[in-house]
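Report on the structure given below.
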Amino acid sequence: IIVSIAVIAIGIFELISFKRHKLNWISNRLNNKNDNSDIVINFFQDFFEIQSPLSKIKVDLKDIYQTKITPKGIFIWFQKGNHLYIPNESITPHESLELIIKKLSEIK
């Protein structure tokens, strides 16, 4: 009986800890003062980097499993559940759009 009570207590503690961490994480993102900050995406030969005030991530092109080029932008799916949309007008210099599309079409 004592072991059962201990297991239940640990389970309740873990559940409360998880919920509190999740609420804190969401609250920190919502209260962040960098709402209007730019997100910069730099393309390189074998990877691209996404930089924001809160994080920096490097994505290898080999990790991209789907792309879709549309008249208004580029969709990129990498890893499970992670995707990215890049509007064409946000790409500077605009001449690099053709190079990015060419590189992404080589992945398929």
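It should be emphasised that the depicted structure is a prediction, and the values quoted were computed from it without experimental measurement. FYI, side chains are in, hydrogens and waters are out, and symmetry mates aren't considered; it's all heavy atoms of this structure.
Ring geometry, Phe75 versus Tyr85: the interplanar angle falls from 30° to 60°, so the pair is classed tilted.
The CD1 atom of Ile16 sits 11.0 Å away from atom NZ of Lys19, with the distance rounded to the nearest 0.5 Å. Here CD of Glu14 is found 5.5 Å from OG of Ser17. Values are rounded to the nearest 0.5 Å. Note that NZ of Lys102 is 13.5 Å distant from CD1 of Ile100, once rounded to the nearest 0.5 Å. Put simply, NE2 on His94 and CG on Leu97 are 5.0 Å apart, with the number rounded to the nearest 0.5 Å.
Residues Leu15 and Leu23 are members of separate hydrophobic clusters, defined by side-chain heavy-atom contacts under 4.5 angstrom among Ile, Leu, Val, Met, Phe, Trp and Tyr. Residue Leu61 is grouped with residue Ile86 when hydrophobic side chains (ILVMFWY) are merged at heavy-atom distances under 4.5 angstrom, including chains of intermediate members. Note on Ile39 and Ile76: same hydrophobic cluster, where clusters join Ile, Leu, Val, Met, Phe, Trp and Tyr whose side-chain heavy atoms are under 4.5 Å apart, directly or indirectly. No continuous path of hydrophobic side-chain contacts links Ile101 to Trp77 [ILVMFWY only; heavy atoms under 4.5 Å]. If you chain together hydrophobic residues whose side chains sit under 4.5 Å apart, Phe43 and Ile57 fall into the same group.
Cation-pi check for Lys58 over Phe47 is met; the charged atom lies under 6.0 angstrom from the ring centroid and within 45 degrees of its normal.
Between the side chain of Ser55 and the main chain of Ser52, no donor-acceptor pair closer than 3.5 Å is present. Distance alone, capped at 3.5 Å, places no donor-acceptor pair between the Asn42 side chain and the Ile50 backbone. Between the side chain of Lys103 and the backbone N or O of Gln45, at least one donor-acceptor pair lies under 3.5 Å.
Within the 4.5 Å cutoff, side-chain heavy atoms of Asn88 are placed close to those of Ile74. Inter-residue side-chain proximity for Ile41 and Ile91 is flagged as unmet; no heavy-atom pair is nearer than 4.5 Å.
When the shell of 6.0 Å around CZ of Phe13 is examined, it contains 12 or fewer heavy atoms from other residues, nucleotides or ligands.
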